[in-house]
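Each residue takes its place number in the sequence, starting with 1. A quick note: this is a predicted structure, and the numbers were derived from the prediction, not measured.
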Amino acid sequence: MNGKDDMPQSSGTPAVSVLVPVFNEASHIGTTLAMMCDQEVSAGLEILVIDGGSTDGTREIVGNVSARDPRIRILDNPARQIPIALNIGLRAAQGSYVARMDAHTLYPAGYLAAGLTRLKAGDVEWVSGPALATGVGRWSRRVAMALNTPMGIGGAVFRRLGPERDVDSGFTGIMRRRTLENLNGWDEGWLVNEDGELAARVRAAGGRIVCLPEMAAAYTPRDSLSSLARQYWRYGQYRAKTCRRHPTSMRPSHVLPPAFTLITALAFLPGPYSWLPRAGTAVWIAAAVMIAGREVSRGRPPVDSALLPAIFAVMHLAWGAGFLAGCARFGPSFGALAHLARTATNRSSATLSEVRDRDRPAGAATTDVGRVG
């Protein structure tokens, strides 16, 4: 991957192909499509809506909009799986650049333009923006509040606003079509975490993924605890699969939910050392309550804030249990754990060396080189 733009664009061909997998998105798709059509792309764009057989009127809404805007095309996804939908869109794409955009996410008008400008500047393969959780329903609002705290964000840098930064995975975003084709698109064995798996291959090939603040997009999280639990259970399973296939993709934060899940389970077992997992669970509860109290002090609704520990518990336990189930289903991630251990050891060694160098008196010799026998 060379990070350069040398693909000529034919006259009349859109520069950007936007891939939008959908299934029963009637409540969001009209607003989302309107914002996509307003994207400021001077070289033109096409919007490929890949429908998995929606039964709630989504297809009819898209059809009505496409009748007025020929840039919108509808494609069929009989398998009803996201990575398959994305590959259907990739094969049909005409643009030199391909953007993935979600049907339940609101993107700023300059989203694609900012991504294009950064890609053309060189040295990156994937440009995305922060994913900002924004609730619309009662529970969706509470989940969004949780996702905007340290216990909800975890190690996902792309969930934070800030200056341009390198990330290990992007939230939707834009790439060169050539990059995707060279990597054979999305892996259809990843029904969830397909972007995380793709990101691991991009980085393994030497590509950079960056997150731009001007591409921040607002997405709507789940609106019930049960749907949140199902979502995080699946997230955890397929993150385990990704870590097994790509050991360097594991972050330290990926270890915490399964560890917390195991500690919580052990806390209910009798025995002379049961106080240890109970103490660990108590520390977690104290942290969750402290965050809830902080949200109240910031003027958040007291009821919503009081429910944060329950939401954190659902997120962490469902993700952690899913990760453990994924290890049982796809195989344990021993290689990823070994990678984390090596990384931690190397960092500790580097830190100790820095401390020794800082504490050494000025002018002190560090080697025997040049000493006369």
Side-chain angles (χ1 to χ4, degrees), residues 5-23 25-26 28-54 58-120 125-129 170-186 194-195 198 212 215 217 219:
D5 289 283
D6 51 14
M7 294 179 66
Q9 193 70 33
S10 301
S11 177
T13 302
V16 183
S17 296
V18 178
L19 313 185
V20 190
V22 299
F23 176 70
E25 296 283 0
H28 302 284
I29 192 63
T31 302
T32 303
L33 278 180
M35 298 189 75
M36 290 178 184
C37 291
D38 288 340
Q39 287 293 306
E40 300 163 351
V41 181
S42 59
L45 77 156
E46 63 174 351
I47 300 170
L48 307 180
V49 179
I50 309 103
D51 180 43
S54 297
T58 295
R59 193 179 184 95
E60 290 73 20
I61 294 171
V62 176
N64 290 334
V65 179
S66 66
R68 302 190 302 270
D69 193 330
R71 296 177 299 173
I72 300 172
R73 288 193 282 152
I74 306 176
L75 304 175
D76 291 318
N77 172 28
R80 200 178 287 178
Q81 301 293 351
I82 290 177
I84 294 175
L86 292 169
N87 284 334
I88 290 171
L90 177 60
R91 288 190 291 270
Q94 301 179 58
S96 297
Y97 301 90
V98 173
R100 174 183 175 174
M101 300 177 82
D102 285 349
H104 49 273
T105 301
L106 302 180
Y107 298 90
Y111 183 87
L112 294 178
L116 277 173
T117 299
R118 185 61 186 87
L119 280 174
K120 291 178 179 179
E125 296 293 337
W126 184 344
V127 185
S128 63
F171 171 68
T172 61
I174 183 169
M175 287 174 267
R176 299 170 187 84
R177 190 179 75 197
R178 181 186 60 236
T179 297
L180 284 163
E181 291 174 340
N182 288 344
L183 293 171
N184 298 314
W186 285 265
E194 68 283 347
D195 280 346
L198 175 63
L212 302 186
M215 292 177 66
Y219 76 96

Check your understanding: Is the backbone of Gly173 close enough, under 3.5 Å, to the side chain of Ser128 for a donor and an acceptor to pair up by distance?
Key -> no
Review point. What pair of heavy atoms forms the shortest contact from Met215 to Ala114, and how long is it?
Key: CG-CB, 3.8 Å
Revision key, fill the gap. Interatomic distance, OH@Tyr97 vs NZ@Lys120, rounded to 0.5 Å, equals 5.0 Å
Exercise for review: Only pairs at least two apart or in different chains count here, so list each salt bridge (Lys or Arg N to Asp or Glu O under 4.0 Å) that has a residue in residues 89-106.
Suggested key: Arg100-Asp102, Arg100-Glu194, Arg100-Asp195
Practice item. May I ask you to test the Arg118-Leu212 pair for a side-chain heavy-atom distance under 4.5 Å? Key: yes
Check your understanding: Do Asp51 and Ser54 have a side chain donor and acceptor closer than 3.5 Å?
Key -> yes
Practice item. Ignoring hydrogens and angles, state whether a donor on the side chain of Tyr111 or Thr105 is under 3.5 Å from an acceptor on the partner side chain. Key: no
Revision key, fill the gap. Tightest non-hydrogen contact, residues Gly185 and Leu90, listed as CA-CD2, 3.9 Å
Check your understanding: Has the side chain of Trp126 got a donor or acceptor atom that lies under 3.5 Å from a matching backbone atom of Thr179?
Key -> no
Review point. Which distance, rounded to the nearest 0.5 Å, do you find between the CZ of Arg178 and the OG of Ser96?
Key: 9.0 Å
Can you give each donor-acceptor pair under 3.5 Å made by side-chain atoms of residues 41-50, sequence neighbours left out, with the distance rounded to 0.1 Å?
| from | atom 1 | to | atom 2 | distance (Å) |
| --- | --- | --- | --- | --- |
| Glu46 | OE1 | Arg73 | NH2 | 2.9 |
| Glu46 | OE1 | Gln94 | NE2 | 3.1 |
| Glu46 | OE2 | Ser17 | OG | 2.5 |
| Glu46 | OE2 | Gln94 | N | 2.7 |

Revision key, fill the gap. Note: Leu75 and Gly89 closest approach over all heavy atoms is CD1-CA, 4.1 Å
**Study point:** Residues in side-chain contact (heavy atoms from CB on, under 4.5 Å) contact with Ala113, at least two apart in sequence or another chain
**Key:** none
Practice item. Verify, without hydrogens or angle tests, whether Thr58 (side chain) and Ala26 (backbone) share a donor-acceptor contact under 3.5 angstrom. Key: yes
Practice item. Of all the heavy-atom pairs spanning Met35 and Tyr107, show the shortest one and how long it is. Key: CE-O, 3.2 Å
**Study point:** Spacing of Leu112 atom CG and Glu40 atom CD [to the nearest 0.5 Å]
**Key:** 10.0 Å
Check your understanding: Do any N or O atoms from the side chain of Arg176 and from the backbone of Leu119 form a donor-acceptor pair under 3.5 angstrom?
Key -> yes
Point to revise | Spacing of CG belonging to Leu106 relative to CE belonging to Met101, to within rounding of 0.5 Å | key: 10.0 Å
Practice item. Mind telling me whether Tyr219 and Phe171 have parallel, tilted or perpendicular rings, with 30° and 60° as the class edges? Key: tilted
Check your understanding: So Cys37 and Ile72, side chain to side chain contact (heavy atoms under 4.5 Å, CB included) or not? Walk me through it.
Key -> CA-CA 9 Å; Cys37 291; Ile72 300 172; 3.8 Å; yes
Check your understanding: Asn64 side chain to Glu60 main-chain N or O, any donor-acceptor pair under 3.5 Å?
Key -> yes
Exercise for review: For Pro108 and Ala217, work out which heavy atoms get closest and say how close.
Suggested key: CD-CA, 4.4 Å
Review point. Between the main-chain N or O of Pro78 and the side-chain N or O of Asp76, is there a donor-acceptor pair closer than 3.5 Å?
Key: no
Study note, to complete from the structure: Asp38 meets the salt bridge (charged side-chain N to carboxylate O under 4.0 Å, His left out) criterion, sequence neighbours left out, with none
**Study point:** Phe23: partners by ring pair (Phe, Tyr, Trp, His ring centres under 6.0 Å), with sequence neighbours left out
**Key:** none
Exercise for review: List the steps and the verdict of side chain to side chain contact (heavy atoms under 4.5 Å, CB included) for Glu125 and Asn182.
Suggested key: CA-CA 12 Å; Glu125 296 293 337; Asn182 288 344; over 6 Å; no
Check your understanding: Is there any side chain to side chain donor-acceptor pair (under 3.5 Å) pair reaching into residues 77-89, and which pairs are they, with sequence neighbours excluded?
Key -> Asn87-Glu188
Review point. For Ala93 and Val98, which heavy atoms make the closest approach, and how far apart are they?
Key: CB-CG2, 4.3 Å
